[in-house]
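Remarks on the structure that follows.
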Amino acid sequence: MSSLALYNTLTRQSHPFVPIKSGEVSIYLCGATVQGSPHIGHIRSGLNFDILRRWLTKSGYTVTFIRNVTDIDDKILQKAAIEGTPWWALAAKYEREFSQAYAALNVLAPTYEPRATGHITQMIEPMARLMEKGLAYSASNGDVYLEVSKLDSYLTLSHQKVEDLQSSTEDVRSESYKRDPHDFALWKSAKEGEPSWPTPWGSGRPGWHLECSAMIYAYLGEAFDIHGGGLDLIFPHHENEIAQSHGAGWPFANVWMHNAWVTASGEKMSKSLGNSLLVSTLLKKVRGIELRWYLGSAHYRSMMEFSQEALDDSSTAFRRIESFLFRATEILGKPPTPTFAPQFVDAMNDDLAVPLVLAQIAENLRIGNIALTNNDDKAISVAANEIRGALEILGCDPFDPAFASSAADLAPTLDGVIALALEQRNAARARKDFAASDAIRDGLSDLGVSIEDTPQGPRWSITPMEKR
RNA sequence: GGUGGAGUGGCCGAGAGGCGAGGCACAGGACUGCAAAUCCUGCUACACGGGUUCAAAUCCCGUCUCCACCUCCA
């Protein structure tokens with residue numbers, strides 16, 4: 001049986017995964033800066049790493065998964081000022097929206113979810129170490145900067161040269177405070193009307209990068225296994241995390257994993273382009289499990305071009321799978337038991353080759369449907385078990401209580417009512433009164449109840465309201 | 001300018017030297033009172049130009065196009 005190999009952004013290659021502590025895996029994922037509503041790109045990141053986490057857990061590792069919340073930054077302060085609400089209220093509002101979106105898509109809650117503002121004390125330590133080593137300095141404006149030129153190495157993740165970097169306009173403006181335009185802020189000095197916390201170098205608020213280094217050290221220690229995030233965090237965020245943490249004397253992350261974008265019309269989704277697709281908007285069109293199936297279907301390192309058509313196709317495909325599992329459950333008298341086929345294990349171990357898994361599911365679905373018509377319970381069971389096993393890792397198990405709808409308790413009643421209608425239809429069909437039988441079927445269909453005649457008798461399912 | 005990524009059939013999307021990934025759509029067929037669902041069959045593609053090789057979508061050289069990052073970003 002194969003063992004897990006993961007692609008490491010640091011080396012641009014896949015390597016066999018070897019955890020620091022045998023049997024344990026520590027993961028840190030850069031979570032959201034809670035300054036707006038979550039769009040599907042944000043959630044794709046959480047979802048990709050959720051699949052990794054589920055797979056590691058199923059592979060027998062004890063996984064510690066930390067995903068932070070950045071609840072203080074320039075944009076949060078700006079937006080709060082514009083809206084006239086306290087910055088912490090704005091941050092909390094969007095943090096709740098992210099939590100709801102994660103939950104709707106069955107992204108497991110992290111082992112711990114630290115907030116930046118709750119870890120100011122922990123940020124002092126790396127700053128102090130960097131100051132002691134002479135790698136950081138306190139500038140005349142009260143900011144604390146990391147002096148990039150003093151580092152042993154810099155930009156090892158993005159493989160760039162410092163001199164090739166373009167200087168930003170901000171750097172040009174603040175050059176008088178920085179010793180070098182490429183130095184970056186660990187700590188920003190207190191400004192009128194902005195929140196601040198005291199430090200030995202004056203009061204202020206954290207720079208963007210320091211919080212992650214500090215929280216990683218607090219929860220995962222000096223060295224940990226996997227650091228994840230979106231592709232756009234490689235530079236500057238992750239480079240600067242490396243700079244701070246290495247500078248502080250910590251070995252830091254072993255493997256760096258980065259997920260690719262969801263694009264719309266070929267371009268990265270972003271608020272400035274106005275092409276953001278909010279999770280809440282899409283959840284009005286498809287169920288959470290369907291949106292997850294769609295967003296999880298591409299390989300995590302591949303760009304994913306969103307289209308409504310692709311989402312609809314994907315939902316239809318998922319309902320086929322679901323329908324098979326439900327029919328199998330009815331025939332077998334119990335839900336399938338998740339199992340993992342060797343090919344599935346190989347695919348997941350190959351840097352999470354989800355698209356290969358999709359092909360395996362499609363093949364199993366075909367075999368399972370044939371078994372269904374042949375009344376081959378053994379084959380039905382094998383196919384259903386393997387499909388459910390794969391869906392479980394992908395976080396799309398229809399039997400997962402996380403996806404149970406509030407209407408579930410109405411199901412027995414509905415079932416009875418529809419069964420009654422179907423009895424009438426069968427009676428009509430028996431006396432060859434097809435006008436009457438079709439009228440019943442059409443009537444149910446108008447209400448969103450679709451009927452399938454199977455060798456085991458008619459089945460019904462509900463078509464979501466928005467699809468009609 | 002620097003650093004990466006991508007271009008695969010009508011559409012989506014894997015693969016990374018040699019047995020047609022897979023899905024959707026479409027066409028034909030089986031089943032059905034008719035549908036739906038399901039199954040079977042068909043649709044044989046790798047941006048362009050060279051090269052290496054017995055063999056290239058895959059390796060090499062060149063070209064074109066698109067995307068991302070270069071201090072807000074998942």
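The chains referred to below are lettered A, B, ... by the order of the sequence lines, with proteins before strands, and numbering in each begins at 1.
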Report task. Hunt down the Watson-Crick or G-U wobble partner of B:rA14, both distances under 3.5 Å, from any strand shown, or write none. Result -> none
Query raised in the report: When you match A:His299 and A:Val262 each to their closest nucleotide on RNA chain B, which lands nearer the 5' end?
Result: A:His299
Requested in this report: Determine the interatomic distance between P on B:rU58 and the same-named atom on B:rG9; round to the nearest Å.
Outcome: 15 Å
Query - Six-ring centre of A:Tyr137, A:Arg179 cation under 6.0 angstrom, axis tolerance 45° - result: yes
Requested in this report: Go through the steps for A:Phe184 and A:Tyr145 under the test ring-ring contact (aromatic ring centres under 6.0 Å, His included), then give the verdict.
Outcome: CA-CA 5 Å; A:Phe184 62 90; A:Tyr145 295 109; 8.8 Å; no
Requested in this report: Searching all strands shown, indicate the nucleotide that pairs with B:rG42 (Watson-Crick or G-U wobble; both distances under 3.5 Å).
Outcome: B:rC26
Query - Distance in angstrom units between A:His227 NE2 and B:rA74 P, rounded - result: 13 Å
Query raised in the report: What nucleotide among B:rU71, B:rU3, B:rA74 has an atom nearest to a side-chain atom of A:Thr33?
Result: B:rA74
Query raised in the report: Rounding to a whole Å, what distance do you find between A:Phe318:CZ and B:rC24:C1'?
Result: 17 Å
Query raised in the report: Taking only side-chain nitrogens and oxygens of A:Ser307, does any of them come within less than 4.0 Å of OP1 or OP2 of B:rC12?
Result: no
Requested in this report: Quickly work out the A:Met269 CE to B:rA74 P distance and round it to whole Å.
Outcome: 13 Å
Query raised in the report: If you check the A:Arg320 side chain, which of B:rG2, B:rG33, B:rU38 turns out closest?
Result: B:rU38
Query raised in the report: With rounding to whole Å, what would you report as the distance between B:rG13 and B:rC24 at their C1' atoms?
Result: 11 Å
Query raised in the report: Is there a ring-ring contact (aromatic ring centres under 6.0 Å, His included) between A:His238 and A:His209 once you walk through the steps?
Result: CA-CA 8 Å; A:His238 290 164; A:His209 317 296; 9.4 Å; no
Query raised in the report: What nucleic acid atoms does A:Ser437 come within less than 4.0 Å of, heavy atoms only: base, sugar-phosphate, or nothing?
Result: base
Query raised in the report: If you look at every strand shown and take non-hydrogen atoms under 4.0 Å, does A:Ala362 touch a base, only sugar-phosphate, or nothing?
Result: sugar-phosphate
Query raised in the report: Looking at B:rG2, B:rC70, B:rC72, which one has an atom nearest to any side-chain atom of A:Phe235?
Result: B:rC70
Query raised in the report: Quantified in whole Å, what is the P atom distance between nucleotide B:rC34 and nucleotide B:rG22?
Result: 32 Å
Query raised in the report: Under 4.0 Å between a Lys/Arg side-chain N and an Asp/Glu carboxylate O for A:Arg205 and A:Glu194?
Result: yes
Query raised in the report: Separation of A:Asp183 atom CG from B:rU71 atom P, in whole Å?
Result: 14 Å
Query raised in the report: For A:Ile440 and B:rG33, what is the distance between atoms CD1 and C1' respectively, to the nearest whole Å?
Result: 15 Å
Query raised in the report: Going by modelled atom types, is there a donor-acceptor pair between the base of B:rG33 and the side chain of A:Asp453 at under 3.5 Å?
Result: no
**Report entry** Selected nucleotide, minimal atom distance to A:Arg429 side chain, candidates B:rC72, B:rG23, B:rG33
**Finding:** B:rG33
Report task. Please work out if A:Gly229 contacts a base, only the sugar-phosphate, or nothing of the nucleic acid, heavy-atom cut-off 4.0 Å. Result -> sugar-phosphate
Query raised in the report: Taking the side chain of A:Pro355 as its heavy atoms from C-beta onward, which of B:rU71, B:rA74, B:rA21 lies nearest to it?
Result: B:rA21
Query - Nearest-nucleotide pick for A:Glu452, side chain only, options being B:rA37, B:rG22, B:rC40 - result: B:rA37
Query raised in the report: With respect to the side chain of A:Gln160, which nucleotide from B:rC70, B:rG23, B:rC39 is positioned closest?
Result: B:rC70
Requested in this report: Select base, sugar-phosphate, or nothing to describe what A:Asn259 touches, counting heavy atoms under 4.0 Å on all strands.
Outcome: base
Requested in this report: Just compare B:rC40, B:rC72, B:rA35 and give me whichever is closest to any side-chain atom of A:Arg366.
Outcome: B:rC40
**Report entry** Under 5.5 Å and under 30°: A:Trp261 stacked on B:rA74
**Finding:** no
Query raised in the report: Given the P atoms of B:rC43 and B:rA56, what is the spacing between them in whole Å?
Result: 23 Å
Query raised in the report: Under 3.5 Å, is there an N or O donor on one side and an acceptor on the other linking the side chain of A:Arg441 and the base of B:rA35?
Result: yes
Report task. For A:Ala260, report the nucleic acid contact type (base, sugar-phosphate, nothing); a contact means any heavy atom under 4.0 Å. Result -> base
Report task. Tell me yes or no: between the side chains of A:Asp50 and A:Tyr102, is some donor less than 3.5 Å from an acceptor? Result -> no
Report task. Pick out which of A:Val69, A:Thr70, A:Ile72 makes a side chain to side chain contact (heavy atoms under 4.5 Å, CB included) with A:Arg115. Result -> A:Val69
Query raised in the report: Would you say A:Lys161 reaches B:rC70's phosphate, i.e. side-chain N/O to OP1/OP2 under 4.0 Å?
Result: no
Query raised in the report: When the C1' atoms of B:rA21 and B:rA16 are considered, how many whole Å apart are they?
Result: 13 Å
Query raised in the report: Within a strict 4.5 Å, meaning less than it, do heavy atoms of the A:Phe49 and A:Arg67 side chains meet?
Result: no
Requested in this report: Identify whether the distance between the nearest side-chain nitrogen and carboxylate oxygen of A:Arg425 and A:Asp453 falls below 4.0 Å.
Outcome: yes
Query raised in the report: Is B:rU3 paired to anything, Watson-Crick or G-U wobble with both distances less than 3.5 Å, and if yes, which nucleotide?
Result: B:rA68
Requested in this report: Both distances under 3.5 Å, Watson-Crick or G-U wobble: report the partner of B:rC48, or none.
Outcome: B:rG62
Query raised in the report: Taking CD from A:Glu95 and P from B:rA74, how many angstroms apart are they, rounded to a whole number?
Result: 14 Å
**Report entry** Closest-nucleotide 5' rank along RNA chain B - winner of A:Leu233 and A:Asp438
**Finding:** A:Asp438
Query raised in the report: Counting any heavy atom closer than 4.0 Å, what does A:Ile234 reach on the DNA or RNA strands: base, sugar-phosphate only, or nothing?
Result: nothing
Query raised in the report: Does a side-chain N-to-carboxylate-O contact under 4.0 Å join A:Arg459 and A:Glu330?
Result: yes
Query raised in the report: Expressed in whole Å, how much space separates the C1' atoms belonging to B:rA6 and B:rC46?
Result: 13 Å
Report task. Would you mind classifying the nucleic acid contact of A:Gly31 as base, sugar-phosphate or nothing, using non-hydrogen atoms under 4.0 angstrom? Result -> sugar-phosphate
Requested in this report: Sort out the partner of B:rA74 for me: Watson-Crick or G-U wobble, both distances under 3.5 Å, none otherwise.
Outcome: none
Requested in this report: Classify the nucleic acid contact of A:Ser323 as base, sugar-phosphate or nothing, counting any heavy atom under 4.0 Å across all strands shown.
Outcome: nothing
Report summary line: Out of B:rU71, B:rA74, B:rG23, minimum distance to the side chain of A:Tyr154 belongs to B:rU71
Report task. Please state how far atom CD1 in A:Ile370 lies from atom P in B:rC39, giving the value in whole angstrom units. Result -> 7 Å
Report task. With C1' as the reference atom in both, quote the distance from B:rC69 to B:rA74 in angstrom, rounded to an integer. Result -> 14 Å
Query raised in the report: Does A:Ser297 make a side-chain N or O approach to OP1 or OP2 of B:rG13 shorter than 4.0 Å?
Result: no
Query - Whole-Å gap separating C1' (B:rC31) and CG (A:Asn369) - result: 14 Å
**Report entry** Integer angstrom distance from the C1' of B:rA37 to that of B:rC31
**Finding:** 11 Å
